Amino acid sequence: MVDEQAREEVVRFTSDLIRIDTTNRGGGDCQERPAAEYAAARLAEAGLEPTLLERTRGRTNVVARVPGTDPRADALLVHGHLDVVPAEAGDWSVHPFSGEVRDGVVWGRGAVDMKNMDAMILAVVRNWARAGVRPRRDLVIAFTADEEASAEDGSGFLADRHADLFEGCTEGISESGAFTFHDGTGRQIYPIAAGERGTGWLKLTARGRAGHGSKVNRSNAVTRLAAAVARIGAHEWPLRLTPTVRAALTELAALYGLDTALDDVEGLLEKLGPAAALVEPTVRNSANPTMLSAGYKVNVIPGEAVAYIDGRYLPGGEDEFRTTLDELTGPDVDWEFQHHEVALQAPVDAPTFARMRAAVQEFAPEGHVVPYCMSGGTDAKQFSRLGITGYGFAPLKLPAGFDYQALFHGVDERVPVDALHFGVRVLDRFLSS
């Protein structure tokens with residue numbers, strides 16, 4: 001049972017963590033240590049023994065273990081990242097690092113991605129310490145650095161250099177799941193993530209013959225690159241249904257009283273209306289051009305041109321992704337992975353998923369829990385190196401009109417206080433079960 005202090009603390013911790021500016025601009029430009037020390041202090045006050053770990057000075061991670069009552073049970077990893085993406089204060093209604101609580105809402109960068117979940121974790125374990133509660137399984141709590149970039153200073157470092165701290169962990173939970181999705185017809189859907197597309201951030205390089213801009217040049221690097229980028233941007237990737245997405249479509253079709261044969265996926269997506277947004281990004285691979293760089297003067301043809309592509313591929317879809325990129329770039333453009341991480345898939349018929357479903361439905365009986373696959377990625381990718389199966393489970397009960405997904409990395413990021421209270425109750429019920 002979550003007490004009044006836990007409900008107060010989850011709001012205060014969210015606000016306090018937002019006030020600690022942990023902006024990750026990439027390239028190592030971030031300092032998570034103040035937030036890590038804050039989280040470690042809250043854990044220590046609950047009687048735990050947190051360990052602070054760094055690969056790079058200031059890029060701090062926190063790990064602590066909560067002993068369970070059943071030494072035979074596998075351990076569960078509960079993790080959240082401490083860094084956030086940049087925010088331009090001039091674009092916001094409230095300063096992004098104020099942590100202001102106004103009209104029942106906590107404002108600031110990280111309110112949904114993902115200092116809210118960090119605060120929930122802290123509030124739950126402190127509630128247990130006051131009540132003398134222990135979970136059945138050992139819990140390993142991890143607050144990580146660098147998730148918003150390469151994770152090399154965060155979960156990658158922990159998985160590669162400190163695997164012993166995660167001994168016994170077979171499953172893990174983290175961000176982007178169990179939030180309220182309103183479909184516009186009165187239904188409330190709670191998607192729990194049981195998969196992630198793989199990450200393939202690409203660097204394309206075209207080389208040609210440098211020369212004067214006034215001369216005919218059949219080996220123009222910019223032209224070659226532009227043609228390849230246009231082909232990639234226009235490519236229609238084929239439909240591919242993974243087990244997680246198939247399960248999501250089957251449950252959504254049943255919810256809406258539609259045919260569950262999945263013979264016509266495009267037709268089914270049209271019939272699902274707004275709910276199609278939960279699965280549409282994950283029925284195929286994708287590759288979106290995002291950056292271009294070439295030349296230094298308008299009358300000089302450069303010898304090299306570079307582009308960057310945000311590529312994502314489904315579980316089992318990496319070979320197709322590679323082969324297709326070879327075809328689309330052609331003989332005059334080379335490509336390489338700038339950042340490369342695996343796709344993930346987790347079973348939806350596992351007892352852990354059933355307990356997550358039950359915890360949500362206990363506090364939101366009007367809701368419909370469905371599995372889904374994330375279009376992006378989380379630290380679960382790095383922790384999968386340790387054999388840990390990852391789920392997205394950061395519960396929030398949100399009001400209609402609150403566009404949760406749009407607030408990830410968006411302007412005016414915020415989270416309702418009531419959503420935090422719901423989240424800490426659901427998380428407590430799941431973890432204590």
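The first residue of the sequence shown is numbered 1, and numbering continues consecutively from there. Everything numeric here is computed off the predicted structure, so don't read it as measured data.
- Using a 4.5 Å heavy-atom threshold, the side chains of Asn116 and Val106 count as separate.
- Side-chain contact check for Thr60 and Glu32: no donor-acceptor pair (N or O, by modelled atom type) lies under 3.5 Å.
- The nearest pair of heavy atoms linking Leu272 to Ala253 is CD2-N, 4.4 Å.
- The pair Glu9-Arg42 fails the salt-bridge criterion, with no side-chain N (NZ, NE, NH1 or NH2) lying under 4.0 Å from an Asp/Glu carboxylate O.
- A side-chain N or O of Asp113 and one of His81 form a donor-acceptor pair less than 3.5 Å apart.
- Below 30°, between 30° and 60°, or above 60°: for Tyr404 and Phe408 the angle between ring planes is above 60°, a perpendicular geometry.
- Of the possible polar contacts, one joining the Asn285 side chain to the Gly317 backbone as a donor-acceptor pair under 3.5 Å is found.
- Checking Phe353, Tyr391, Phe393 one by one against Phe430, the ring-ring contact (aromatic ring centres under 6.0 Å, His included) holds for a single residue, Phe393.
- Arg284 has a carboxylate O that lies under 4.0 Å from a charged side-chain N of Glu266, or vice versa, which qualifies the two as a salt bridge.
- His339 and Glu152 are not linked by any side-chain donor-acceptor pair at a separation below 3.5 angstrom, with hydrogens and angles left out of the test.
- The closest side-chain heavy-atom distance from Val348 to Ile192 is not below 4.5 Å.
- Between Glu327 and Arg231, none of the side-chain N atoms (NZ, or NE/NH1/NH2) sits under 4.0 Å from a carboxylate O, so this pair counts as no salt bridge.
- Screening Arg385, Arg312, Lys381 for a salt bridge (charged side-chain N to carboxylate O under 4.0 Å, His left out) with Glu341, the sole residue that qualifies is Arg385.
- Electrostatic pairing of Asp83 and Arg59 does not count as a salt bridge here, judged by no charged N lying under 4.0 Å from a carboxylate O.
- For Arg322 and Tyr313, the positive end is not near the middle of the six-membered ring at less than 6.0 Å and at most 45° from its axis.
- A donor-acceptor contact under 3.5 angstrom links the side chains of Tyr190 and Thr180, judged on distance only.
- Looking at Arg197, its side chain never comes within 3.5 Å of a backbone N or O of Thr282 through a donor-acceptor pair.
- The closest side-chain donor-acceptor pair between Asp310 and Thr290, if any, does not fall under 3.5 angstrom.
- For Arg19 and Ser15, the side-chain atoms include at least one donor-acceptor pair closer than 3.5 Å.
- Between Glu251 and Arg357 there is a salt bridge, since a side-chain N of the basic residue sits under 4.0 Å from a carboxylate O of the acidic one.
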